[in-house]
Amino acid sequence: NDGVSEDILKLEQIIRDAKRNTEKEQKNLAKKLNYPSLNEEEMRMLSDEPTVVNMFEDKYIENQAMKLRLDNNLDIITLLENKKSLNFAIKLYYWSACFGDNTNTTERSSGAYIFRPNITKPIELSILHSEIKHGPLVSELRTIYEGNVTSNTRLYTDIDFIEVDFTVGPIPIDDNIGKEYIIKYITDINNNGIFYTDSNGRQMLKRKLNERPQFNLTLAEPIAGNYYPVTNKIYIEDSDNRLSVLTDRSQGGSSLNNGEIEIMLHRRLLHDDAFGVGEALNEVLNNKGLAVRGTQRILTKKSDLLERKRVLEFHCKPIILFADAENLNLS
Amino acid sequence: QFVIDELKSAMGVMQHHDAITGTEKQHVAHDYERILNNALEDVMIVPNQAYNKVLKAKGYEGPELEYKRCRLNESSCSISERKKAFTVTIFNPLAWSVTEPIRIPVVDGSYTIKGPNAKEIQYQILDIPESVKNIPTRQSLATHELIFIVKLKPLSFQSYHVTKNEKTKRNIKTQKERKNDFYTNLNDYWTNLKTPIDIKNLEDKENRRIQDTICNENLEIKDRNLDFDVLKSS
């Protein structure tokens with residue numbers, strides 16, 4: 001309250017900015033001088049693109065199985081243990097919801113039963129802040145997006161999957177538009193519109209964009225019509241690589257663009273779709289929308305047996321119980 | 001058996017298509033939550049009895065422990081964030097060995113975790129992200145998460161004993177201390193800051209080092225050739 005704290009905070013901000021600018025100037029000079037100790041990563045950092053990442057931090061998280069590299073635009077590259085690399089990025093988007101009077105198919109609102117975006121490309125959520133936390137057991141990349149969304153990308157020591165922990169919500173509806181938030185895993189895998197989902201919870205089923213195996217298909221809604229239920233797993237692959245995403249709950253998923261997997265995370269709507277619920281999917285508590293927290297695990301190994309095990313390990317996670325031990329003599 | 005049946009019954013209700021897909025009305029969703037939560041709370045009597053039975057079989061003679069489940073999905077746990085010592089019992093329901101990261105919500109500090117055989121294990125402590133702390137429904141004192149990795153055998157459980165260490169120094173600094181720290185850091189920073197001249201000097205030094213290395217390598221090659229000539233002639 002004596003104003004000292006605010007002064008210190010302001011000074012801290014000034015020193016942070018100064019550090020960032022000085023570092024960049026130094027590196028530019030070093031580049032001009034062709035300073036030999038600059039590595040490829042440092043040279044890349046000298047590009048003129050603005051970066052939101054703290055220049056002083058290490059931009060890698062890694063374990064024995066893989067290494068994730070944080071790019072300027074927050075793209076991540078996976079280096080696998082077999083020396084293969086896979087371009088890989090995690091991005092958050094939202095689909096804005098359709099609104100109609102529900103009198104016919106074209107006038108139907110997006111609701112709890114059906115998902116109907118009113119746009120053909122989702123709106124990307126911009127990144128507000130990003131930081132890396134390193135440690136002996138886990139390293140995390142924490143990213144805060146606009147619209148009350150955060151994601152934590154983790155790599156644990158001796159564990160062969162990437163864990164993505166997300167918190168979404170309350171979804172802002174100040175603009176009176178319902179929204180469906182999605183997460184996209186973008187890779188350079190050439191899957192040619194083919195992806196696999198375990199919609200019945202028993203086996204992986206092959207899906208092809210804009211196609212059904214039993215009949216000729218003309219989709220009036222190419223976005224919603226290509227979404228499928230994901231019980232535990234969705235994956236895309238080509239001859240070299242595979243990217244599998246394991247979900248901790250049933251979610252909707254698709255691969256609308258080559259090399260991408262997108263999965264629905266949270267929905268908040270203002271209108272009903274007249275299929276029976278009778279109310280908009282707008283869950284609130286204390287006048288605020290709900291927040292959703294969940295986890296997804298990403299596997300990059302092309303092994304059905306390993307994936308099946310990891311799916312069950314994720315689905316039947318160890319049961320953790322706590323007991324007070326203040327008065328417990330363990331001697 | 002009665003409480004297990006109650007949970008089975010609740011799980012039966014949850015097979016309804018609206019419960020699975022989330023297309024129920026809001027008040028029905030709340031009712032589903034109530035049914036499921038009550039059944040889960042009641043069934044806790046089963047693991048409580050089971051674990052205490054196993055503890056006694058292993059020779060434990062103290063009072064019965066009361067096991068509780070926690071809302072780890074929102075990083076909150078009344079026991080781990082309030083008690084100075086607690087046990088964490090982890091059961092692997094699968095028929096094969098698993099390696100799993102465990103995250104326990106706690107208050108910031110230093111901890112000692114002893115695993116099976118009373119051996120101290122490695123842990124990491126990380127702050128809980130603000131987005132999780134701000135979840136509207138969350139009621140918790142926890143500010144950090146205690147992370148450790150467990151390796152569990154098939155269908156087995158392990159107990160870990162966690163103790164909060166006594167504070168050795170104050171975590172909360174006074175305004176004056178903070179101010180002093182800040183100016184010390186500032187001073188260090190400007191002292192260690194590299195100017196363009198420093199960089200040029202470094203570059204010269206590096207170039208000299210490279211030249212020296214090349215020179216040394218040439219000498220070594222010459223020596224080797226000489227050895228080879230001697231060998232050939234002999």
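Residue numbers start from 1 in every chain, and the chains themselves are labelled A, B, ... in the order their sequence lines are given, proteins ahead of strands.
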Determine the minimum heavy-atom distance between [X] and [Y], stating which atoms define it.
X	Y	value
A/Pro170	B/Pro136	CG-CG, 4.3 Å
B/Glu100	A/Glu313	OE2-O, 4.0 Å
B/Gln124	A/Val138	OE1-N, 2.8 Å

[X] portion near chain A, given a 4.5 angstrom heavy-atom threshold:
X	answer
B/Asn48	neither
B/Leu72	both
B/Thr21	neither

Quiz question: by atom type and distance under 3.5 Å, do the side chains of B/Ser131 and A/Arg142 form a donor-acceptor pair?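 B/Ser131 vs A/Arg142: no donor-acceptor pair found between side chains.
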Highest number of heavy-atom pairs under 4.5 Å with chain B: which of [options]?
options	value
A/Lys288, A/Lys133, A/Lys309	A/Lys309
A/Glu163, A/Arg249, A/Glu279, A/Glu140	A/Glu279
A/Gly289, A/Gly276, A/Ala112, A/Gly135	A/Gly135

Any donor-acceptor pair under 3.5 Å linking the side chain of A/Arg293 with the backbone of B/Val132?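 Here the side-chain-to-backbone pair does not exist.
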Counting heavy atoms not belonging to B/Lys68, are there more than 12 under 6.0 Å from its NZ?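 Incorrect, the count does not exceed 12.
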Measure [X] against the heavy atoms of chain B and call it side chain, backbone, both or neither at under 4.5 Å.
X	answer
A/Leu290	neither
A/Leu312	both
A/Asn152	side chain
A/Ser250	neither

How long is the gap from [atom1] on [X] to [atom2] on [Y], to the nearest 0.5 Å?
X	Y	atom1	atom2	value
B/Thr23	A/Ile114	OG1	CD1	12.5 Å
B/Ser80	A/Phe322	OG	CZ	5.0 Å
A/Asp324	B/Arg82	CG	CZ	12.0 Å
B/Arg103	A/Leu137	CZ	CG	10.5 Å
B/Tyr160	A/Ile320	OH	CD1	10.5 Å

Got A/Ile319 and B/Ile90 here, is their nearest side-chain heavy-atom distance under 4.5 Å?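 Side-chain contact under 4.5 Å: no.
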